[in-house]
Amino acid sequence: MNTLLSLSRRRNSFNLLNHPLLLRKFSADADPSPGIIKPDSHASAEVRLLENLRKTPQHDWPSNETLSSLLASPSVSPQSFSQITRRLGSYSLALSFFNYLETTKSQSQESLSLVFQSVIEFAGSEPDSKEKLLRLYEIAKEKNIPLTVVATKLLIRWFSRMGMVDHSVLVYEGLDSSMRNTQVRNVVIDVLFRNKRVGDAFKVLDEMLCEGSVFRPNRITGEIVFHEVWRGRILKEEEIVELISRFSVHGVAPNCVWLTRFITHLCRNARVDVAWEILSDLMKNKAPLQAPSFNALLTVLGRNMEISRMNELVVKMDEMKIRPDVVTLGILINTLCKSRRVDEALGVFQEMCGKRTDDGGVVKADSIHFNTLIDGLCKVGRMKEAEEMLLKMKTEDGCAPTTVTYNCLIGGYCIAGQLETAKEVVSRMKEDGIKPNVVTLNTLIGGMCRHHGVNMAIGFFTDMQREGLKGNVVTYTTLITAYCSVGNIENAMGLFDQMLEAGCSPDAKLYYALISGLCQARRDQDAVRVVEKLKQSGFSLDLLAYNMLIGLFCDKNNGEKVYEMLTDMEEAKMKPDSITYNTLVSFFCKLKDFESVQKMMENMREDGLHPTVVTYGVIIEAYCSAGDLNEALKLFNDMGSRSKVSPNTVIYNILINAFCKVGNLGQAMSLKEGMKEKMVRPNVETYNALFKCLNEVQQKETVFKLMDEMNQSSCEANQTTVEILMERLTSSDDLIKLKQFMQGYSVAYPGEKSFAFPCL
DNA sequence: GTAGGGTTAG
């Protein structure tokens, strides 16, 4: 048989003929020494037919009686005709055979079609195949020879390859509707796509997809269409979703890689719900799916910490017998650990390890799974279990502890403030032959800063530097932040310079830490230097940083720098927010530049922002301190009516204070009454302002009334209150009243304990 | 040739 195989491979270009079954049938021909393997009797009619065709010259075929009788033999099936034609070995012989059969009219249309198919097969590899195929197609039409599915597919494909896609379409359109089956349509669609006739391709596809279609799409249709959809970017996202849904009705899913890519794309563009819908739809229609597509969705659900939805999805996977893999395991335990649900993570870990996967393997945990769990345990302070997990790791195959494992443990002990134990872990890891790295260093430094202060951390860092271990940008950020938080800006800036000298590049987080530290410490000169450095390094400030800096420069009355920051923001196409505006409003208020204040308010509205209660507070206070109480009052009235911003206690206090200061008690009291109406609670400042104003003897009754009111509304007096009242209430009677007031008794009705009215 | 994931420090 081996000999036979090799011989026949050499002789035949058609793979089909290499099939052992066919070799057996045609063994007399294939074997050079007849007699070794004898043709069986069943095949003899076909074999003899082929032999006779070969030994008889073509022009003698019509007159050869043996041939005629063999052709009439019922044992020669239509399928044999196509094989016999192929075995004739050449295009011209095959065509002659076809013509011969056609003229004898001895054969069924099916046999003729099959012979014709073999002729087409030959024509495809002829030197002038284009003309030959065109001619054959003409012949088929002239002689009314129905094309077989194979012939149809070949013609459509070849015409397209030869640049005659119109002929491909003609072939397709000339077909009987029963011949336009899934296979043929798949070829047509593919050819149309390749020739950029997208609309026509979708027309053919549409008939397959629509309800009740006879020739439904199959996996290959999906392959062709989705490949093109991705490659050619011919559809919008919604259209792709719709297309997947239409395929899904027929139980067809895009292939795993394609689908996973699309799901990832949707998730990255915040279309998680759409991704979810697609997978649900496909599951509902029982389309074949695999874990990676689900992993893509689970990843983003994990990032958003949507654990219940993740759970739901895993349950669905289980129902559909879609097996989770190692990646699924990684996503689940990581998400659970990050949300501090360590027990659930351990549960999932137990349950999934050892489960079968789609490719027949077993879900096997690796070092990273262990690291994730150990980190989870350490973050919640379960150090004993973390240590046990480390021991377990050492006994498992392919799960050797790494630097990361030990770093997690060190981090855990640092969180717990056990710095000594953390350092011991460093010794243990060295004994195990695992090298500490910069993360180990940073973890320890972070722990020291938190629990023992920055000086100890600096000492440790210096020691490590002597041992040759270099810090990185994270090391410096930790230390700089620690210095800033204790207000030691000199050392923070010193470290910044040291870092630059050491050739370590600052990153965005470092710049942010430094700028926020400098702004809090009101160090404008240093801030300017750092911002310059930041820009040189190609970084840019974000809105938060701009706001901090603008606040600092406003505070330092550095209008020039404020202007520069605003110009920078504009160039960076960054819109100020209400914090930026409030800072600026407050700046102009301080300068009593009310024109600019008005301008800022206008700009704010143009930018679609609304003045807040803070904005109004700042301006009202500015008008008050400029002595323009009318303007302050006007703005106060504007608040509620124009801006629909309700005044709060702070606003009322500003005004009450101002009116009290100029001795306008009437206006102050009426504002206080207004508070009651607006349900704004007066506080101790409100009362202090009023008490200060009530210094006439005849106003004593009002003082008492207010004192009772304070008690009733549980507004506690402070040092200032007592000082003011002591000045006003000097008689012995008054002092008794003051004492009663301090004890919470009513002063207007002595002996009666006041009640607190929570409604006020 | 093509997809998905998980670990430590600011």
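Each chain gets a letter, A, B and so on, in the order its sequence line appears, and its residues count up from 1.
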Footprint string (nucleotides 5-10 of chain B, 5' to 3'): B base within contact, S backbone only, - free, heavy atoms under 4.0 Å = BBBBBB

Starting at atom [atom1] of [X], determine the distance to atom [atom2] of [N], rounded to an integer number of angstrom.
| X | N | atom1 | atom2 | result |
| --- | --- | --- | --- | --- |
| L266(A) | dG4(B) | CG | P | 13 Å |
| H227(A) | dA3(B) | NE2 | C1' | 14 Å |
| E223(A) | dA3(B) | CD | P | 15 Å |
| H265(A) | dG4(B) | NE2 | P | 13 Å |
| I263(A) | dA3(B) | CD1 | P | 16 Å |

Please name all residues satisfying salt bridge (charged side-chain N to carboxylate O under 4.0 Å, His left out) with E238(A), sequence neighbours left out, ordered by chain then number.
->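 Partners of E238(A) by the salt bridge (charged side-chain N to carboxylate O under 4.0 Å, His left out) criterion, ordered by chain and then number, come out as R271(A).
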
Can you list everything that forms a side-chain hydrogen bond (donor to acceptor under 3.5 Å, both in side chains) with [X]? Sequence neighbours excluded, please.
| X | result |
| --- | --- |
| T221(A) | N186(A), N218(A) |
| Y476(A) | none |
| N455(A) | none |

Less than 3.5 Å apart, which donor and acceptor atoms pair up between the side chains of residues 459-466 of chain A and the rest of the protein, not counting sequence neighbours?
| unit_1 | atom_1 | unit_2 | atom_2 | d |
| --- | --- | --- | --- | --- |
| T462(A) | OG1 | I458(A) | O | 2.6 |
| D463(A) | OD1 | R466(A) | NH1 | 3.3 |

Report the residue from N371(A), T372(A), D366(A) that forms a side-chain hydrogen bond (donor to acceptor under 3.5 Å, both in side chains) with H369(A).
->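 With H369(A) as partner, side-chain hydrogen bond (donor to acceptor under 3.5 Å, both in side chains) holds for just one option, D366(A).
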
